[in-house]
Amino acid sequence: MTTRSIKNILQTEDFGIQLKVQGWVRSFRSNRFIALNDGSVQGNLQLVIDFTQFEESFIRRIAVGAAIEAEGILIASQGSGQTMELQVSKLTILGDCDPSTYPLQPKKHSLEFLRQIAHLRFRTNTFGAIFRIRHTLSFAIHEFFNSRGFYYLHTPIITASDAEGAGEMFQVTTLDLNNIPKNEDGSINFKEDFFERPANLTVSGQLEAELAAMALSKVYTFGPTFRAENSNTPRHLAEFWMIEPEVAFADIHDNMNLAEDLLKYVIQKVMTDCSDDLKFLNDRELEDEKQKPLAERNELSLLERLRFCVENNFERISYTEAIDILKNSNPNKKGKFQFPVEKWGTDLQSEHERYLVEKHFKKPVILSDYPKEIKAFYMRQNEDGKTVAAMDILFPGIGEIVGGSQREERLDKLESRMIEMHIPTEEMHWYLDTRKYGSCPHAGFGLGFERLVLFVTGMTNIRDVIPFPRFPGNAEF
RNA sequence: GCCUCCUUAGCUCAGUUGGUUAGAGCGUCGGACUGUUAAUCCGCAGGUCCUUGGUUCGAGCCCAAGAGGAGGCGCCA
């Protein structure tokens, strides 16, 4: 007899068939009904046992969390609440679960509590849904790029380049920290280190992806990224996953189109393939919001937000237009902003981004053409001499989900900008070579994967959408 | 890194102006019941009130420091 997943059983409705299932007990009622879940799907399969056929000591071992195997006949359910149930003829306990110490109960737990038992939280409905959706998003991203002729590129995790310019890095070393080899002048002798030079964990695969795009035309990376920033927010992690496409012969508008198409494709994919999980998370959020004051509730439900995002064009405006809107906005005039919007050239604060996305446009916004002073050295300088061809996509509740740009492909402009910004040109000879030999216009962006999962699941803390979050002071599990 | 708030039973939380023995729901454990839907009913047990120090005749409650958690800001994806 073949074992079948609960997902498969619930889909096929093969009544009258003898089959075998394995899973974990979610609840056991009336000494008769076992709700069995194997993680393949949100729903449970109801197992029905005749308790007169089993020893009382055996019945006691059917506890919440226990791993069991059951054989029986699938029949139309005799009770209401489910369409089918398995009439069990043989039951085996594969792994006991002591209810007096097992932390998960058949009741609602707070996300904060579950974060402390991240090794067990997969067993809850909420986290089952989150990680099935995370998987679906992940695969949809590969599907999207593959179907458009992109090549999946593995850029290095360890990098010796300290010029990526995207924040603090984690150093990688095999030196004995209790006995660090020194040069005569007292500085650290990195010749003794594994790579014979300082090395770090990557903060971005972009620069390497550009090199590949200069030959393969369309590439993307999808891998872990590390930032040693002391960021303590529900939107930041020290280790997160990022998607970074890089496209030759593309300008900033192609770049915006690509990002918008990608986001819509993967969100639509989850709406189609994970409807049960989304329904669960949607209802969970509605229930949760009943506790909140009206002003703090979402105007749209999770499902409505996703539909809205897929069905509407993202608003595209320039930084300059954004400043005008903000200057003339009610909160700015009434002094409601903590940071009043006054002059062109300063970076937008998150309260400003929130206003644009959540109040003014009420939809995803693509902001472009930022002042060059507040953006990275590799971004293409616009004709006005003041701005660069940068673009950020802002999502409601999440903030910046995508950051990208058309890259500076003109060698002289790139070099002078690097010198202005104190980027060591000698060390970056390999990057500059792409501008020296057969340079061409190209563009790309970085999409924060966990921020995407946040938006799609409606969760509000990024530590709840990655299995084992890493953040300052925490690397448990 | 800065600011605000929180920490009471396994979990979620009450706890009056500082006043005897710190409470509830759920869970656990014991019993009853058995076509249930986070089953239901009865009963028992369960506490370093985060830690340390201070004020006071007396501290879960007031003060200080520390630890842990959450949110806001900055950095960004």
Side-chain angles (χ1 to χ4, degrees), chain A residues 26-35 43-44 46-52 56 59-60 63-65 75 77-82 85 87 97-117 124-125 164-168 203-206 222 224-244 259 287 291 296 337-339 347-354 374-376 392-395 398-404 445-455 460-466 471-474 476:
Chain A
R26 280 293 175 79
S27 74
F28 183 38
R29 291 182 290 267
S30 299
N31 275 0
R32 190 190 291 274
F33 305 100
I34 301 169
N44 302 324
Q46 172 153 291
L47 310 184
V48 185
I49 65 165
D50 178 356
F51 54 84
T52 61
E56 202 183 316
I59 295 284
R60 281 173 181 282
V64 173
I75 59 168
S77 181
Q78 309 295 295
S80 55
Q82 56 282 317
E85 60 197 24
Q87 213 154 40
C97 187
D98 181 358
S100 65
T101 56
Y102 188 54
L104 292 174
Q105 302 161 19
K107 60 166 277 191
K108 188 172 164 56
H109 290 289
S110 68
L111 294 170
E112 289 82 1
F113 173 67
L114 293 172
R115 237 168 262 157
Q116 291 163 25
I117 51 164
T124 63
N125 290 329
E164 288 173 4
E168 293 297 311
V203 293
S204 165
Q206 180 201 317
F222 187 173
T225 309
F226 308 88
R227 304 268 167 98
E229 304 281 343
N230 194 8
S231 294
N232 276 295
T233 84
R235 294 179 302 282
H236 291 84
L237 290 167
E239 178 183 288
F240 63 99
W241 289 64
M242 188 155 65
I243 296 100
E244 295 181 288
E287 198 59 35
Q291 323 266 334
E296 288 174 26
F337 284 140
Q338 194 188 340
F339 300 92
D347 212 349
L348 299 180
Q349 305 290 322
S350 50
E351 60 177 345
H352 305 143
E353 296 180 350
R354 290 188 96 112
I374 59 173
K375 288 292 179 181
D392 286 354
I393 302 185
L394 310 176
F395 262 37
I398 314 294
E400 187 178 345
I401 195 167
V402 163
F445 60 83
L447 165 64
F449 185 57
E450 282 75 17
R451 289 189 180 174
L452 174 64
V453 183
L454 268 185
F455 179 73
T460 53
N461 191 317
I462 202 163
R463 296 171 188 179
D464 292 332
V465 297
I466 189 167
F471 51 94
N474 195 298
E476 215 185 337

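By convention in this document, chain letters (A, B, ...) are assigned in the order of the sequence lines, proteins followed by strands, and residues within each chain are numbered from 1.
Distances shown here put every side-chain N or O of A:S27 at or beyond 4.0 Å from the OP1 or OP2 atom of B:rA38. Residue A:R235 places no side-chain N or O under 4.0 Å from the OP1 or OP2 atom of B:rC75.
The residue A:Q78 sits close to a base: some heavy atom pair falls under 4.0 Å. Nucleic acid contact for A:P99: sugar-phosphate only, since backbone atoms but no base atoms lie under 4.0 Å from a heavy atom of the residue. When heavy atoms are screened at a 4.0 angstrom cut-off, A:Q46 is found touching base atoms of the nucleic acid. Nucleic acid contact class of A:E353 (heavy atoms, under 4.0 Å, all strands): none. A:L452 comes within contact range of no nucleotide atom at all, as no heavy-atom separation falls under 4.0 Å. No engagement by A:R26 is indicated, since no non-hydrogen atom pair under 4.0 Å with the nucleic acid exists. Residue-level contact check: A:S77 touches the bases, meaning some heavy atom is under 4.0 Å from a base atom. Contacts of A:N461 with the nucleic acid, taken as non-hydrogen atoms under 4.0 Å apart, involve only primed sugar atoms and P, OP1 or OP2. At a threshold of 4.0 angstrom between heavy atoms, the contacts of A:T101 with the nucleic acid are absent. A:G446 comes within contact range of the sugar-phosphate backbone alone, with a heavy-atom separation under 4.0 Å but no base atom that close. Using a 4.0 Å heavy-atom cutoff across all strands shown, A:Q82 reaches at least one base atom of the nucleic acid.
Of the candidates B:rU28, B:rC76, B:rC73, B:rC73 carries the atom nearest the A:R354 side chain, counting heavy atoms from C-beta on. The side chain of A:F51 sits closest to B:rU34 out of B:rA70, B:rU34, B:rA38. Candidate nucleotides B:rA77, B:rG69, B:rU12 were compared by shortest atom distance to the side chain of A:I462, and B:rA77 ranks first. The listed nucleotides are B:rG69, B:rG72, B:rA77; the one nearest the side chain of A:P234 is B:rG72. The side chain of A:R32 approaches B:rU34 more closely than any other nucleotide in the set B:rU36, B:rU34, B:rC73. Considering only side-chain atoms of A:M242, the nucleotide from B:rA70, B:rG35, B:rA77 that sits closest is B:rA77. Considering only side-chain atoms of A:K107, the nucleotide from B:rG74, B:rG35, B:rC26 that sits closest is B:rC26.
Nucleotide B:rG58 has no partner under the Watson-Crick or G-U criteria, as no pair reaches both atom distances under 3.5 Å. B:rU12 is paired with B:rA24 under the Watson-Crick or G-U wobble criterion, all donor-acceptor distances under 3.5 Å. Base-pair partner of B:rU51: B:rA65 (Watson-Crick or G-U wobble, both distances under 3.5 Å). Across all strands shown, B:rG1 forms a Watson-Crick or G-U wobble pair, both distances under 3.5 Å, with B:rC73. In this structure, B:rU40 and B:rA32 make a Watson-Crick or G-U wobble pair, each of the two defining distances being under 3.5 angstrom.
Side-chain atoms of A:S231 and base atoms of B:rC75 include a donor and an acceptor less than 3.5 Å apart. Judged by distance alone with a 3.5 Å cut-off, no donor-acceptor contact links the side chain of A:E229 to the base of B:rG74. For A:Q105 and B:rU28, a side-chain-to-base donor-acceptor distance below 3.5 Å is absent, hydrogens and geometry of angles not being considered. In the interface, the side chain of A:H236 is paired with the base of B:rC76 through a donor and an acceptor atom under 3.5 Å apart.
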Residue pair A:T225, A:R227: steps toward the side chain to side chain donor-acceptor pair (under 3.5 Å) verdict
CA-CA 7 Å; A:T225 309; A:R227 304 268 167 98; 6.0 Å; no
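Between B:rG74 and B:rC6, the two C1' atoms lie 23 Å apart (nearest whole Å). Here, B:rU12 and B:rG27 have their P atoms 15 Å apart, quoted to the whole Å.
Side-chain rings of A:H236 and A:F471 stay apart, their centers remaining 6.0 Å or farther from each other.
By the ring-ring contact (aromatic ring centres under 6.0 Å, His included) test, A:F240 is found to be paired with no residue, residues two or more places apart in sequence or in another chain being considered.
Remark: A:D347 does not engage A:K375 in a salt bridge, criterion side-chain N to carboxylate O under 4.0 Å.
Here A:F33 does not pack flat against the base of B:rG35, since the 5.5 angstrom centre distance and 30 degree tilt limits are not both met.
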